[in-house]
Amino acid sequence: MPAMSSRGGRRRTINEINMVPFIDVMLVLLIIFMVSAPLITTGVVDLPSVGRSSQQPVHVVHVIVGADEKLKIRVDGQEPQPITLSGLADRVKQAQDGDPKTPVVISADKAVRYEAVVKAMDKLQAAGVQRVGLAVRQGSSSEN
């Protein structure tokens with residue numbers, strides 16, 4: 001019995017990919033996206049506006065975050081006193097004189113990292129300080 005060659009009895013495989021089904025699927029997806037795109041509603045974000053209060057509070061506690069990320073506290077317009085992050089909550093509570101409605105305003109230098117401001121806010125929130133706000137500069141926004 002003669003030995004049969006393995007090449008002679010098998011068909012040669014084709015190394016080409018049929019692109020027609022791929023193109024059909026892509027066209028169907030394109031049509032679906034073209035039809036559904038106008039139906040998608042865009043979300044509207046209502047950003048808070050900065051306004052002026054008609055009456056300034058009598059008793060205000062200012063927390064100042066400097067460019068070197070060092071904290072200072074100013075109570076009722078007095079001279080700012082340096083303070084550490086760990087002692088911030090106790091000092092603010094003391095400055096509020098037991099009135100939790102006394103506002104605390106955090107002012108930060110333009111060059112300070114956002115993380116430093118968030119740490120101060122987090123420390124105050126953990127201590128139960130209710131009214132914490134951020135100071136904003138009035139004027140044109142062309143100064144960046």
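Bear in mind that the values here come from a model prediction, so they are computed numbers and not experimental data. Scope of the values below: all heavy atoms of this structure, side chains included, with no hydrogens, waters or symmetry mates.
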Distance-only donor-acceptor hits, side chain of residues 119-127, under 3.5 Å, sequence neighbours excluded:
none

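- The side chain to side chain donor-acceptor pair (under 3.5 Å) analysis of residues 64-73, with sequence neighbours excluded, yields the pairs Glu69-Arg113.
- At a threshold of 4.5 Å between side-chain heavy atoms, the hydrophobic network of Ile, Leu, Val, Met, Phe, Trp and Tyr places Phe22 and Leu27 in one connected group.
- Listed by chain and residue number, Ile32 satisfy the side-chain contact (heavy atoms from CB on, under 4.5 Å) test with Val28 (two or more places apart in sequence, or in another chain).
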Anything under 3.5 Å between a donor and an acceptor, one on a side chain of residues 84-92, the other on a protein residue two or more places apart or in another chain? List them.
residue: Thr84; atom: OG1; partner: Ser86; partner atom: OG; Å: 3.2
residue: Thr84; atom: OG1; partner: Gly87; partner atom: N; Å: 3.3

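- Under the side-chain contact (heavy atoms from CB on, under 4.5 Å) criterion, Asp97 pairs with His59, not counting sequence neighbours.
- Both Met19 and Met26 are members of a single hydrophobic cluster when ILVMFWY side chains are connected at heavy-atom separations under 4.5 Å.
- Here the NZ atom belonging to Lys93 is positioned 10.5 Å from the OG1 atom belonging to Thr102, to the nearest 0.5 angstrom.
- In this structure, Val118 belongs to a hydrophobic cluster whose other members, linked by side-chain heavy atoms under 4.5 Å apart, are Tyr114.
- With rounding to the nearest 0.5 Å, the separation of CD1 in Ile73 from CD1 in Ile106 is 10.5 Å.
- The structure places CG of Leu71 at 7.5 Å from CD1 of Ile83, a figure rounded to the nearest 0.5 Å.
- Considering only residues two or more places apart in sequence or on other chains, Gln96 meets the side chain to side chain donor-acceptor pair (under 3.5 Å) condition with none of them.
- Residue Leu134 qualifies as enclosed at atom CG: its count of foreign heavy atoms under 6.0 Å is above 12.
- Residues that satisfy the side-chain contact (heavy atoms from CB on, under 4.5 Å) test with Glu79, not counting sequence neighbours, are Gln81.
- By the rule that hydrophobic residues join a cluster once side-chain heavy atoms approach within less than 4.5 Å of another member, Val105 and Val63 end up as members of separate clusters.
- Taking Leu39 as the reference, nothing meets the side-chain contact (heavy atoms from CB on, under 4.5 Å) condition, with sequence neighbours excluded.
- Taking Ile, Leu, Val, Met, Phe, Trp and Tyr as members and joining any whose side-chain heavy atoms lie under 4.5 Å apart, directly or through other members, Ile64 forms no hydrophobic cluster with any other residue.
- Other members of a hydrophobic cluster containing Ile40 are absent, since no ILVMFWY side chain comes under 4.5 Å of it, directly or through relayed contacts.
- Annotation for Asp109 and Ala111: closest pair OD2-N, 3.0 Å, computed over non-hydrogen atoms.
- The distance from the CG atom of Leu29 to the CE atom of Met34 is 13.0 Å, given to the nearest 0.5 Å.
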